[in-house]
Amino acid sequence: MKRLHPSVKVLPYLLVAPAVIILTVFYLYPILYNIYLSFFTWNMRGPMKFAGLSNYAELFSGRDFLHTLLNTLLYMVMDVGLVMVLAMGLALFLQKNTPLNRFIQTLSFTPNIISLVSVSLIWMWLMNTDTGLFNYLLSVLGAAPVGWLTDKDVALFSLVLVSVWKSVGFNALIICSALGSIPGYLYEAAALDNASKRSVFFQITLKMISPTLFFLILMNIIGSFQVFETINIMTQGGPSNATNTLIFSIYKQSFEYYRVGYASAMAVVLMGIVGLITIFYFKALNKRVHYR
Amino acid sequence: MRVWLRLPGAGLRIIVSVLLIVIFLMPFYWMILTAFKTLGEVLRMPPKFWVDSLQWQNFRDAFTRINFLHYTRNSLIITLGTMLGQLVVVVPAAYAFARYQFKGKNALFGIVLATMMIPGQLIFLPIFVMFAKSGLLNTYVSLIVPFIASGTAIFMLRQTFMQVPDSQLEAARLDNASEFKIIYTIMMPAAVPTLSTLALLTFIGTWNSYFFPLVWTTTDAVRTLPLGIQKLQDVEGLSPQIVMAGNMMLIVPILLVFLIARKQIIKAFTYMGVK
């Protein structure tokens, strides 16, 4: 590599410069700027006023933020739990490579490439209290209509259902491909040892795909912390704030109430949570998960 | 056979299969059905599961109630702009990271990897303020440039470039080929599968993008089709047949791409999930 152009010392820097500059301007700098903004009171128009930690103090003393955080956590637990369990089941169900299974696999993956706007609008129509298909089907079964998006005890779960429908096929696909890459000799060895089906599942199958499962859990957790589209389109955070989650709340505080500092402080806290989860993930990955 | 699963009886298998097909197909069917109904049919209880005559004017209504062409044009400009921009920015960067040793390389590549960990939705507000201060709000630039240095794309392409045999590069360099020529005659052809995978992922992601066009714009000037269809819901929410017709027009391009490149798209998403 020594006998190259004289320009070769500068060249690699020129080649990476556009990418690095853009990533710095649109990722690294905004993170710092976000932290900076969180120490001010500002309505985007008037002058910025230094506010010290008062935005954070307000976050943790008021009930709004804690309520929002709780909603987000509840959404996350239901969403990640359901997606992982159902995707695992779907992947095991579809494991055999038959035409029907391939068809179901493709079909269940399709919602994943459709825009969340489309998905939200379709489900909003299905979940309409008076003229929606779901309540009609319930009435056929003799059940009372459900306020899918209007009952404050149900709405958050309805949004989880939409998210599960959209992403379960994708997760199953990844699990399927992990299942397919487990070396066959492990099962042959287990068969020779007369291992019980149960222990084969836990000792081999689950163990071998655990890195994939962990990765998917992390992705789903981070994804569910950012839930926004379905909320903004289907419920607007209602009824009575039952579906008001962190990103939606940051959006509202920014563009409806023009509280830049307060919204930024919320974003900083959320970034901290996502960062902690990511660090925890890599720590746990090193320690506990069987890695090939 | 290879993995343990308590195989349910054939009957149960069929029932579950049918159930799965219904669960994943029914919402799409209901959208299409609704899009072809009259308002009277839409609001009828019990609903009809079939239509006697197709109401094509729902599509014309959806088309005219919002400025459909305007949003579609914006979507196309931003989608193509992002794809082209990625080509120009990502390819040289991936090439340098794959093929050069230089001071600070690890640190710079670290920046690229770090951005893959940061959910962009968390920092929309500081970027909005940046755009507002620099007069870039409501411009195509603001919806294209932040996405053309995709960390994922650089990472994937770097892996591909690293697999090109050294001998090919040496030969080209002996012929005094410029770096530009090496990229376009050796690297790019070797990376066609990766590039088309990235193009597909970018197309799907940008065409569907809703969050950033929403939060980084204050007028309709550069807003994209998903925002247009949401606006249709705002103005025609009481006529689900029109909303669903508009929704179909948003979905069809993606479904066409999916039908044509189904295997490749599935492979691309699988790669993203297991990398």
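Naming: A, B, ... by sequence-line order, numbering from 1 per chain.
- With a 4.5 angstrom heavy-atom cutoff, A:Asn101 touches chain B only via side-chain atoms.
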Show me the donor-acceptor pairs within less than 3.5 Å that the side chains of residues 28-38 of chain A make with the rest of the protein, sequence neighbours left out.
from    : atom 1 : to       : atom 2 : distance (Å)
A:Tyr33 : OH     : B:Lys133 : NZ     : 3.2
A:Ser38 : OG     : A:Ile35  : O      : 2.6
A:Ser38 : OG     : A:Tyr56  : OH     : 2.7

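- Using a 4.5 Å cut-off between heavy atoms, B:Tyr95 contacts chain A through its side chain alone, with no backbone atom that close.
- Closest of all the heavy-atom pairs between B:Leu232 and B:Ala62 is CD2-CB, 3.9 Å.
- Listed options A:Leu173, A:Val117, A:Ile113 were ranked by heavy-atom pairs under 4.5 angstrom with chain B; first place goes to A:Ile113.
- Within the 4.5 Å cutoff, the side chain of A:Leu213 has heavy atoms near those of the A:Met88 side chain.
- For B:Leu43, the parts sitting under 4.5 Å from any heavy atom of chain A are the backbone and the side chain alike.
- With a 4.5 angstrom heavy-atom cutoff, A:Tyr185 does not touch chain B via any of its atoms.
- The two residues B:Pro47 and B:Lys37 have their closest heavy-atom pair at CB-NZ, 4.4 Å.
- Using a 4.5 Å cut-off between heavy atoms, A:Met44 contacts chain B through its side chain alone, with no backbone atom that close.
- When all heavy atoms of A:Asp130 and B:Met45 are compared, the pair lying nearest together is O-CE, 3.6 Å.
- Counting only distance, with no hydrogens or angles, the side chain of B:Ser239 and the backbone of B:Ile242 share no donor-acceptor pair below 3.5 Å.
- Both the backbone and the side chain of B:Val42 come within contact range of chain A, with heavy atoms under 4.5 Å apart.
- Most heavy-atom pairs under 4.5 Å with chain B, from the set A:Leu246, A:Leu133, A:Asn112, A:Ile247: that is A:Leu133.
- At least one side-chain heavy atom of A:Ile104 sits under 4.5 Å from a side-chain heavy atom of B:Ser17.
- Using a 4.5 Å cut-off between heavy atoms, B:Pro240 contacts chain A through its side chain alone, with no backbone atom that close.
- Scanning residues 223-230 of chain B against chain A with a 4.5 Å heavy-atom cutoff picks out B:Pro226, B:Ile229, B:Gln230, ordered by number.
- The contact between B:Phe124 and chain A is made entirely by side chain atoms (from C-beta outward), counting heavy-atom distances below 4.5 Å.
- Looking at B:Phe49, the atoms closer than 4.5 Å to chain A (heavy atoms on both sides) all sit in the side chain, from C-beta outward.
- Between the side chain of B:Thr206 and the backbone N or O of B:Phe203 there is no donor-acceptor pair closer than 3.5 Å.
- Annotation: maximal heavy-atom pairing with chain B below 4.5 Å, among A:Val20, A:Ile233, A:Val25, occurs at A:Ile233.
- With a threshold of 4.5 angstrom between heavy atoms, A:Leu107 approaches chain B through its backbone and through its side chain.
- Side-chain N or O atoms of A:Arg102 include none that pairs as donor or acceptor with a backbone N or O of A:Leu94 at under 3.5 Å.
- For the residue pair A:Met208 and A:Pro183, the shortest heavy atom distance occurs at CE-CD, 4.0 Å.
- For A:Val140, no part sits under 4.5 Å from any heavy atom of chain B, backbone or side chain.
- For A:Lys166 (side chain) and A:Leu116 (main-chain N/O), no donor-acceptor pair under 3.5 Å exists by modelled atom type.
- The candidate with the highest count of non-hydrogen atom pairs below 4.5 Å against chain A, out of B:Leu255, B:Ile265, B:Ile251, is B:Ile251.
- Chain A forms the most heavy-atom pairs under 4.5 Å with one residue out of B:Leu214, B:Val257, B:Val112, B:Ile154, and that residue is B:Leu214.
- Using the six-membered ring where Trp is involved, A:Phe26 and B:Phe131 have ring planes that are tilted, between 30° and 60° apart.
- In this structure, chain A has a heavy atom under 4.5 Å from the side chain of B:Val243, while its backbone stays farther away.
- Residue with the most contacts toward chain B among A:Leu186, A:Asn232, A:Val274, A:Ile222: A:Asn232 (heavy-atom pairs, distance under 4.5 Å).
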### Query
Could you walk me through whether A:Gln203 and A:Ser199 pass the side-chain contact (heavy atoms from CB on, under 4.5 Å) check?
CA-CA 5 Å; A:Gln203 300 297 319; A:Ser199 69; 4.2 Å; yes
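- For the pair A:Trp125 (side chain) and A:Thr131 (backbone), a donor-acceptor distance under 3.5 Å is absent.
- The shortest heavy-atom contact between B:Ser142 and B:Trp216 is O-CE3, 3.6 Å.
- The aromatic rings of B:Phe102 and A:Tyr13 sit perpendicular to each other, their planes meeting at more than 60°, with 30° as the lower class boundary.
- In this structure, the portions of A:Met271 lying under 4.5 Å from any heavy atom of chain B include both its backbone and its side chain.
- Per-residue counts of heavy-atom pairs under 4.5 Å with chain A were compared for B:Val90, B:Ile21, B:Ile118; the largest is that of B:Ile21.
- Using a 30° and 60° split on the angle between ring planes, A:Phe170 and B:Phe269 fall in the perpendicular class, above 60°.
- Ring geometry for A:Tyr251 against A:Phe248 counts as tilted: the plane angle lies between 30° and 60°, on a 0 to 90° scale.
- Looking only at side-chain heavy atoms (C-beta outward), B:Met187 and B:Leu169 come within less than 4.5 Å of each other.
- Residues of residues 26-34 of chain B having a heavy atom under 4.5 Å from any heavy atom of chain A, listed by number: B:Met26, B:Pro27, B:Phe28, B:Trp30, B:Met31, B:Thr34.
- In this structure, the portions of A:Tyr27 lying under 4.5 Å from any heavy atom of chain B include both its backbone and its side chain.
- Using a 4.5 Å cut-off between heavy atoms, A:Leu90 touches chain B through its side chain atoms alone.
- Looking at A:Trp165, the atoms closer than 4.5 Å to chain B (heavy atoms on both sides) sit in the backbone and in the side chain alike.
- Residue contact with chain A, scored on non-hydrogen atoms closer than 4.5 Å, involves the side chain of B:Ile204 exclusively.
- No part of B:Phe147 comes within reach of chain A, as not one of its non-hydrogen atoms sits under 4.5 angstrom from that chain.
- If you measure heavy-atom distances from A:Thr278 to chain B, the contacts under 4.5 Å come from the side chain alone.
- The parts of A:Leu121 that come within reach of chain B are both its backbone and its side chain, each placing non-hydrogen atoms under 4.5 angstrom from that chain.
- Here the side chains of B:Asn208 and A:Ile114 are not in contact, with every heavy-atom distance at 4.5 Å or above.
- Among residues two or more places apart in sequence or in another chain, the side-chain hydrogen bond (donor to acceptor under 3.5 Å, both in side chains) test is passed with A:Ser115 by A:Ser118.
- Among the candidates A:Ser254, A:Ala267, A:Pro18, the residue making the largest number of heavy-atom pairs closer than 4.5 Å to chain B is A:Ser254.
- Looking at B:Phe155, B:Phe161, B:Phe109 one by one, the single match for ring pair (Phe, Tyr, Trp, His ring centres under 6.0 Å) with B:Phe97 turns out to be B:Phe109.
- Residues A:Leu179 and A:Leu92 meet the side-chain proximity criterion, which asks for heavy atoms closer than 4.5 Å.
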